[in-house]
Peer 1: 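A single structure is presented below for examination.
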Amino acid sequence: MNINIDNSKENDGPIKKADVLPASELRQDIVSGDWVVIATGRAKRPDEFANFQRTQDDKGIEGCLFEDPVASGQEKDVLIYHKADGDWTLRVFPNKYPAFSLGKSKHSLSEGPYTAMSGIGYHEIVVTRDHYRQLALMENMEIAEVFDAYQDRFLEHMKKKSVNYIAIFHNHGKEVGASIPHPHSQLMAIPVVAPYVKLELDGAQKYYKSNKECVYCTIVEYEREDKKRLVFENDQFIAFCPFASRVAFEVHVMPKFHSPYFERITDDQKVKLAEVFGKAMKAVYGALQDPPYNFYIHSAPCDGTDYPHFHWHIEILPHTATWAGFELDTGIEISTLQPEVAAEYLRKQL
Ligand SMILES: [Zn+2]
Ligand SMILES: [Zn+2]
Ligand SMILES: [Zn+2]
């Protein structure tokens, strides 16, 4: 076949009546440069998202592996907190089926042109006591204790030579990967810097170079003043729906003070964080009536390098959409709710 391709462009044709109000808006994430689509054309009302409710586990407490982790054969605790009267409130133990663990020998796994390395690292589970009390239903002091445990384990693992990045995340609901319904978070201390965080580090660095300001501090300042996407704030932290939200009801929680390193959070700051994070979780819980969700902490890597222009934060992603071909193909996510509308609805829950 003889193909002759003409690269010249032609006009897009006449604007139809339906195009006067465009069906969508493309918004760019200021840090990563990623694009998202806010599909205003097929927009739903905020109360229509409550049908993404979590599937309740019918087994309940019966046979739950985390009621008595020792008896159910979990690994030995590496951290445990108790109430004054003796019962435990939180415990951390190594995952019995780790995605990363310490191997005996570190052998080269490269193959031909491909690169590989052993999955050396640590994988731990952080469990809170009450099977039926997820984070949205906890008191601030209980939430602060969870952050305390994250910090404790972070500080422990970051000392290790093989560890360059620490991922802390929480899956809630089997729709988003929680195989055990008992509330628990996971920590993975791994040898490589997470690609998503790398994008953010690079984006923050680039922004700093051209603006001489931290991009996250800029976001915090703008969202506080503008208020459209604000969910809740106190004097130390802020929760808001990001301008380029990837899914409906996405919420970010950020310190108002500049800090690249989550692990340097003080006890006072943990209490303030618990208040803002707790409000965000309660708002999402109320708006979506107990949805499945993931959240994770993005903190600077612990690879011995300084990241002065990074700014740690938490991203909360309720499960309000399913990735389909377009998202997988392009990496552009389509959200059917404007973040401004989501934030207003979330504020109403508080
Ligand atoms: Zn349980
Ligand atoms: Zn900053
Ligand atoms: Zn992030």
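Whatever order the structure lists ligands and atoms in, that order sets their numbers, starting from 1. Quick caveat: nothing in here was measured; it's all calculated off a predicted structure.
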Peer 1: Would you please indicate if the ring centroids of Phe277 and Phe147 are separated by under 6.0 Å?
Peer 2: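 Yes - the distance between ring centres of Phe277 and Phe147 falls below the 6.0 Å cut-off.
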Peer 1: Between Val127 and Trp88, what is the shortest heavy-atom contact and its length?
Peer 2: O-CZ3, 3.7 Å
Peer 1: With rounding to 10 degrees, what does the angle Glu200:OE1 / the Zn ion (ligand 3) / His313:NE2 come to?
Peer 2: 90°
Peer 1: Write the atom name of the N, O or S atom in His258 that is nearest the Zn ion (ligand 2).
Peer 2: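 So the atom name we want here is ND1.
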Peer 1: To 10°, measure the SG(Cys214)-the Zn ion (ligand 2)-ND1(His311) angle for me.
Peer 2: 110°
Peer 1: Would you list the protein N, O or S atoms within less than 2.8 Å of the Zn ion (ligand 1), leaving out water?
Peer 2: Cys64 SG, Glu67 OE2, His131 ND1, His182 ND1
Peer 1: Does His309 bring an N, O or S atom to within less than 2.8 Å of the Zn ion (ligand 2)?
Peer 2: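 Coordinating: no.
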Peer 1: Please determine if Glu221 and Arg224 form a salt bridge, counting it only when a charged side-chain N lies under 4.0 Å from a carboxylate O.
Peer 2: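 Salt bridge between Glu221 and Arg224, a charged N being under 4.0 Å from a carboxylate O: no.
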Peer 1: Assert yes or no for the condition that the ring centre distance of Phe66 to Phe93 is strictly below 6.0 Å.
Peer 2: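 So the answer is yes for these two rings.
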Peer 1: Angle at the Zn ion (ligand 3) between ND1 of His298 and OE2 of Glu315, to 10°?
Peer 2: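 Vertex at the Zn ion (ligand 3): approximately 110°.
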Peer 1: Salt-bridged, Glu223 to Arg229, with N to O below 4.0 Å?
Peer 2: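 Salt bridge between Glu223 and Arg229, a charged N being under 4.0 Å from a carboxylate O: yes.
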Peer 1: Can Glu145 and Arg129 be counted as an ion pair, charged N to O under 4.0 angstrom?
Peer 2: no
Peer 1: Between Lys198 and Asp202, is there a salt bridge with N-O shorter than 4.0 Å?
Peer 2: yes
Peer 1: Counting backbone and side chain alike, does His252 bring an N/O/S atom below 2.8 Å of the Zn ion (ligand 3)?
Peer 2: no
Peer 1: Measuring centre to centre across the rings, with the benzene-like ring taken for any Trp, is Phe310 within less than 6.0 Å of Tyr216?
Peer 2: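 Distance test on ring centres: under 6.0 Å, yes.
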Peer 1: Looking at Thr266, Asn234, Asp235, Asn140, which one forms a side-chain hydrogen bond (donor to acceptor under 3.5 Å, both in side chains) with Lys272?
Peer 2: Asp235
